[in-house]
There are 2 protein chains.
Amino acid sequence: MRLESFPGNYETRKHSSFQVYGENVSITVVDVAKKATVSVTTVSRVLNNQPQVSPERRQRVLAAMEELDYKPNQVARDMRRKTAGRKTGQIAMMLINLDDYTMHTAFMMQYIHGVQQEIAEAGQKCIFVTWNDEFGDDTIPQILLDGEIDGVVTKGFPCTEIGKQWLNRYPKIILNPPVAPPDYDCVMVDYEAGIRDCITYLASLGHRRIAFVDMQMFHCKLLGYRRAVDELGLDADEGLIQTRDIIPPLKSESDLDWAIENLWSLSEPPTAILSNDYYCSAIYHALAERGLKVPDDVSIIGYDNAVDHCEALKPKLTSVDIEAVELGRLAAKQLLDRIRKPQGSHRKICTRGKIVERKSVRKL
Amino acid sequence: MRLESFPGNYETRKHSSFQVYGENVSITVVDVAKKATVSVTTVSRVLNNQPQVSPERRQRVLAAMEELDYKPNQVARDMRRKTAGRKTGQIAMMLINLDDYTMHTAFMMQYIHGVQQEIAEAGQKCIFVTWNDEFGDDTIPQILLDGEIDGVVTKGFPCTEIGKQWLNRYPKIILNPPVAPPDYDCVMVDYEAGIRDCITYLASLGHRRIAFVDMQMFHCKLLGYRRAVDELGLDADEGLIQTRDIIPPLKSESDLDWAIENLWSLSEPPTAILSNDYYCSAIYHALAERGLKVPDDVSIIGYDNAVDHCEALKPKLTSVDIEAVELGRLAAKQLLDRIRKPQGSHRKICTRGKIVERKSVRKL
DNA sequence: TTGTATGCGTTATCAC
DNA sequence: GTGATAACGCATACAA
């Protein structure tokens, strides 16, 4: 194959894709340039959709690419880009200090899915990393040390100084933290609004005495409850609020007989109960022991929409879906924004969730 | 800063880290070489832990790295590696055609965690990708097309021809497929063994009439049931087997009254029931309606150990944990093996799970 | 054991 | 519009 009509001079090239060299022969811009009788520069321009290429030549290049089944070497591109002070096109999805409870929760999966989707649509890559403080500082993921990524979406936060330091090197978004940290971008569920939606929903079905039962991280929710009850002019009986504060990992503490006991000691018991999906299971149980039927005697509405669980209960539990996939997407979207524009004040984005109707609520 | 005593000649280098060039000045091997008064080659060798460097020089290099706070440019290394026909050090964790059910399941999270851990420990990176056939072929993740990865751990399998093609370009491990595909490496839960363990466990507590209730993908489990009952000489009453086959996404079909009905029509009802975690919820309910108490009247044992769910039930459900994290680790480990040794017959690795004791089983 | 020189695939610069 | 060429940061034949 002679190359007379071909403008570039690539004599220095030690091998072309036409001669087998080792075993990993790959088609490069040089090969495409040869085939299309243009320079590598032109090929690169076509590759990057730059305007200053004549339609005719662009065609030739595209045809050559097609014919040779050319695939750009992403790693090489990344290198040029990165060293040109640009971005690597990689972001990390970090799960830091995941406790066993979170580990067994389906939300995480949805968060990750959402993040990945959004990142992929932006043509970037999502590198997945889990890390715990107890692993020790010498196990900090290489990727974070390398600076190979443009930013981080993190669920959880490192507690060690060193951990904080490396995380702080990057633009980052905190995914649904239990409490919103100041000076960070984060994306979170607006539990308050979600609960208000629940109350509004129940009120629209004629419920006026709605109980609030919870044992964990319920302060936002309780706020929403109080506001909604107030705004809608429902019965604001403090006896309808049954809470206990337990330490997070003890979600397994599922006995809620005391709550039902208290509620049904009221002169007028509630017609509806609001709680968390998993607590609802205990509530069903406690109600059954008293001979109370759901939803005939009491309506129940859960929070989190743990689908398997809600569907497994009898009757199936109506619950508030926090839309975790969407939350993941929002986090990724905001991260990409932040990477583009590192300055600017921090933002907190909230989603309010959506009620998924099943069989545990009835119209009065 | 004069460089007399320095062996290399880097006059061609257009900028060093000592002069600001643009804004992205980074320390490179050249800088380290200068500082340590050695050649880049030596620096590179130290970087790669190659033996043929004198301790004294190695020391100098390490000191220089430390002093300059040198961070290798991973992208550049990747490029060399890749183009040298070696590996990229990246593997992909793919979730293909995830249905809504799987999406809401906590296992996935654990699989991913396990895979990531193992990959990280091997010093590699795990890129996370989700993809569905319905997205269309033009949305195939760039990363798979680029050939930037060494292999794939996949949960799920593409149905389109094109999808299969790109997946087939890589060494891959299938993660717990519903049925073991021939000619593929895979890692899966040995449901049969898990069920046998359950039966053995129940038998050790004195149970001889154990019911098997399931509605989905239960054939392996049923096999395990039959074998164990046979081997242990327990009551092999076909009436104890209550199954119906439903279409997978309909796991929400949670009514199992018919099963309990049938079971308690037997001349001698079972003393223990074996099922899936979520079905157990319906079983609890059906039993309660008949006034039967768990575990006093019947022992119940679930499968999958959906922690939240098991802990939410009353009494808390004893269940078989499939050890999904471990499964993920095994998958990653096997993938790394396969990448190193592309030839060789395909392997199926099984894990048998572990019984997590809670409150739903009692000794007879 | 150590250093020189060159290549990896792509893009940026600059001259035409 | 187009092309020649020098980087990018690292690794490695080959020479010493």
Side-chain angles (χ1 to χ4, degrees), chain A residues 6-17 21-22 24-33 36-58 60-61 70-86 88 146-148, chain B residues 6-17 21-22 24-33 36-58 60-61 70-86 88 146-148:
Chain A
F6 139 69
N9 171 12
Y10 303 111
E11 301 305 316
T12 54
R13 187 153 202 269
K14 290 305 179 294
H15 75 267
S16 87
S17 64
Y21 193 86
N24 255 60
V25 258
S26 55
I27 313 290
T28 74
V29 273
V30 177
D31 300 306
V32 175
T37 0
V38 297
S39 72
V40 279
T41 312
T42 303
V43 174
S44 178
R45 285 188 179 122
V46 172
L47 213 56
N48 293 284
N49 276 320
Q50 291 179 26
Q52 71 266 44
V53 182
S54 69
E56 187 264 340
R57 297 196 144 209
R58 182 181 299 271
R60 283 223 308 275
V61 172
Y70 165 75
K71 308 245 186 289
N73 180 329
Q74 198 60 40
V75 183
R77 305 184 79 178
D78 284 349
M79 175 170 137
R80 281 311 271 126
R81 290 195 188 139
K82 185 186 171 187
T83 53
R86 300 232 241 92
T88 64
D146 290 342
E148 267 179 280
Chain B
F6 141 68
N9 170 12
Y10 304 111
E11 302 303 317
T12 55
R13 187 152 201 269
K14 290 306 177 295
H15 75 269
S16 86
S17 66
Y21 193 86
N24 256 60
V25 258
S26 55
I27 313 291
T28 75
V29 273
V30 176
D31 299 309
V32 175
T37 357
V38 298
S39 74
V40 279
T41 313
T42 304
V43 175
S44 178
R45 287 188 177 123
V46 172
L47 214 54
N48 293 285
N49 276 322
Q50 291 180 27
Q52 70 265 45
V53 182
S54 70
E56 187 263 339
R57 298 198 145 209
R58 182 181 298 272
R60 284 225 304 277
V61 171
Y70 166 74
K71 308 245 185 291
N73 180 331
Q74 198 60 38
V75 183
R77 305 184 80 178
D78 285 347
M79 176 171 134
R80 282 306 272 116
R81 287 193 192 142
K82 187 187 169 185
T83 54
R86 300 234 241 90
T88 63
D146 291 341
E148 268 179 278

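Every value quoted in this text rests on a predicted model; they were computed, and no experiment measured them. Reminder, nothing fancy here: chain letters follow the sequence lines and each chain counts from 1.
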N/O (side chain, B:R45) to phosphate O (OP1/OP2, D:dT12) under 4.0 Å: no
Think B:N48 has a side-chain N or O under 4.0 angstrom from the OP1 or OP2 of D:dA11? yes
Which whole-number value in Å describes the distance from A:L47 CG to C:dA12 C1'? 15 Å
Contacts satisfying salt bridge (Lys or Arg N to Asp or Glu O under 4.0 Å) that involve residues 36-54 of chain B (not counting sequence neighbours) are none
Whichever of A:Y70 and B:E56 has its nearest DNA chain C nucleotide further upstream toward 5': B:E56
Hey, which of B:T41, B:N48, B:V40 is the one that makes side-chain contact (heavy atoms from CB on, under 4.5 Å) with B:S44? B:N48
Rounded to the Å, how far apart are A:R60 CZ and D:dT2 P? 9 Å
Rounded to whole angstrom units, what separation is found between the CD atom of A:Q52 and the C1' atom of D:dG3? 12 Å
B:S44 side chain N/O closer than 4.0 Å to the phosphate oxygens (OP1, OP2) of D:dA11? yes
Option among A:T42, A:V53, A:V29 that satisfies the side-chain contact (heavy atoms from CB on, under 4.5 Å) test with A:V61: A:T42
Atom pair distance, as rounded to whole Å: CG in B:N49 and P in D:dC10: 16 Å
With respect to the phosphate group of C:dG3, does any side-chain polar atom (N or O) of B:T41 fall under 4.0 Å of OP1 or OP2? no
Please check the phosphate of C:dT1 (OP1 and OP2 only) for any side-chain N or O of B:R57 closer than 4.0 Å. no
Using a cut-off of strictly less than 4.0 Å, decide whether A:T28 has a side-chain nitrogen or oxygen near OP1 or OP2 of C:dG9. no
With heavy atoms under 4.0 Å as the rule, sort B:V43 into base, sugar-phosphate or nothing. nothing
4.5 Å side-chain heavy-atom contact, B:N73 and B:T28: no
Kindly compute the distance separating CZ (B:R57) from CD (B:Q52), expressed to the nearest 0.5 Å. 13.0 Å
Identify whether any heavy atom of B:T42 sits under 4.0 Å from a base atom; if not, whether one sits that close to sugar-phosphate; answer base, sugar-phosphate or nothing. sugar-phosphate
Considering only side-chain heavy atoms of B:A76, which listed nucleotide, D:dC10, C:dG3, D:dT5, is closest? D:dC10
Nearest-angstrom distance from the residue atom CD of B:Q50 to P of C:dG3: 14 Å
Between B:S54 and C:dT2, is there a contact of a side-chain N or O with OP1 or OP2 at under 4.0 Å? yes
